[in-house]
K.L.:
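What follows is a structure written as structure tokens; I'll ask about it next.
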Amino acid sequence: MKFYNLLIDWYLSNQRDLPWRKTKQPYHIWLSEIMLQQTRVAQGLPYYLRFVEEFPSVFDLAEASEEKVLKLWQGLGYYSRARNLHFTAKYVANELNGKFPHTYKELKKLKGVGDYTASAIASICFNEPVAVVDGNVYRVLSRVFGVDTPINSTEGIKEFKNLAEEKLDKENASVYNQAIMEFGALHCKPKNPYCITCPFQAECVAFQQGKIEELPIKLKKTKVKTKHFNYLVVVSEGKTVIQQRRGNGIWKNLYQFPLIETEKEVSKTQFLKEENFLQLLSVPAEKVNLFNKKPIKHVLSHRKLMVKFWVMDLPEISSAFKTKEFEVIQQENIRLYPVPVLIEKFIEQFYFNK
DNA sequence: AAAACGGGGTA
DNA sequence: TACCCAGTTTT
């Protein structure tokens, strides 16, 4: 029995019932694939359902504002996915008459669609014989065939792509690709895989050599850097002040309270005296209160943020906030804006003294 | 070639 | 903690 036959047999009796498996419409497959990049099915599923409900077609998504798309994406992370999703929706709707490309080569030209996603859409929707290589595929192939090349090295990426193409069932790329990913997700798991009941036990190099725990091999990732954020939460006549994050850093185009970044954690005295922007405001010290005594630790894949929220009770909005950088809004309207989870959690706890 | 880019689940 | 998740883009 060939590798792909065993795999597909396993899949046909073990696959999960997922909404995007009930369709082959490129719009839905594309949407699900973008959402599931570096994201577990369990986490992405509710977002997928809300998006399909809110945007039944690519035209609906194209017509929405980016702010609305980001708001619906809030909490899913990697927000460039949402921005690229919206950009591509507009492109497909307006330039391609709502029709997605039908080939790997053309799909890969879409913003936010890389090698994996182009392969996934081309194979799942059109049965094009191109192999997907995601985290699951790296794990299954490295173990079964005993490949110890680091999966995140240039060499490894090429080698695994070639191996994946070699093992692909070219007549049934759609089912095969989903099968190998599903097998990696449910059976050949990172920790405690079900080797005892594995259909590949006899031929699995890693199992036979006792290397299940070691494979796949991955080069160590970069150090997490610590940053110190100080947010100014203005409270004034039922209003507050927010700003949209610009540039290419984290949370681009999402909203937050006015931010002052410091080299290290600062006390109230240090905060009020040493920061230029605050001096500009000239707020009396008694009007400033620290919301959280200990900094809130917010950990991202490559950053550790230590965050303090400074609440400023003002009789009126300072003129320093009346620039293009800031927006003065009614407090109750803050829930309409897309914000990082960190900010959302704060808003839930803080009732703006009502 | 390496770093940037989120948030949550698992052991 | 440390690692991982249906990866892509930028530096």
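Note that the structure is predicted; figures quoted are calculated from it, not measured. A, B, ... follow the sequence lines: proteins, then strands. Residue 1 opens every chain. Values reported hereafter were calculated over all heavy atoms of this structure, with side chains retained and with hydrogens, waters and symmetry mates removed.
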K.L.:
When you get a sec, tell me which of C:dT8, C:dA6, B:dG7 is the closest nucleotide to the side chain of A:Q37?
P.N.:
C:dT8
K.L.:
Is A:K105 atom NZ crowded by more than 12 heavy atoms from other residues, nucleotides or ligands, each under 6.0 Å away?
P.N.:
no
K.L.:
Cut-off 3.5 Å, side chains only: do A:E33 and A:Y116 have a donor facing an acceptor?
P.N.:
yes
K.L.:
Mapping A:S153 and A:Y78 to their closest nucleotides on DNA chain B, which lands nearer the 5' end?
P.N.:
A:S153
K.L.:
What orientation do A:H187 and A:F183 show, parallel under 30°, tilted 30 to 60°, or perpendicular over 60°?
P.N.:
parallel
K.L.:
Nearest to the side chain of A:D134, which nucleotide is it out of C:dC5, C:dG7, C:dT11?
P.N.:
C:dG7
K.L.:
Is the A:F346-A:F257 ring centre distance short of 6.0 angstrom?
P.N.:
yes
K.L.:
Can you check the distance between B:dA1 and C:dC5, where both ends of the measurement are the P atom (answer in whole Å)?
P.N.:
22 Å
K.L.:
Ring centres of A:Y11 and A:Y176 under 6.0 Å apart?
P.N.:
no
K.L.:
What's the closest nucleotide to the side chain of A:K297 if the choices are C:dT1, C:dA6, B:dG7?
P.N.:
C:dT1
K.L.:
Cut-off 3.5 Å, side chains only: do A:E67 and A:Y255 have a donor facing an acceptor?
P.N.:
yes
K.L.:
Among residues 12-30 of chain A, which contact DNA chain C at a heavy-atom distance under 4.0 Å?
P.N.:
A:W20, A:R21
K.L.:
Of the listed nucleotides (C:dC5, B:dG6, B:dG8), which one gets closest to any side-chain atom of A:K345?
P.N.:
B:dG8
K.L.:
Would you call A:F126 and A:T103 a side-chain contact if the rule is heavy atoms closer than 4.5 Å?
P.N.:
no
K.L.:
Are A:F350 and A:F309 close enough that their ring centres sit under 6.0 Å apart?
P.N.:
no
K.L.:
Got a sec? Which of residues 108-120 of chain A come in under 4.0 Å of DNA chain C, heavy atoms?
P.N.:
A:K111, A:G112, A:V113, A:G114, A:D115, A:Y116, A:T117
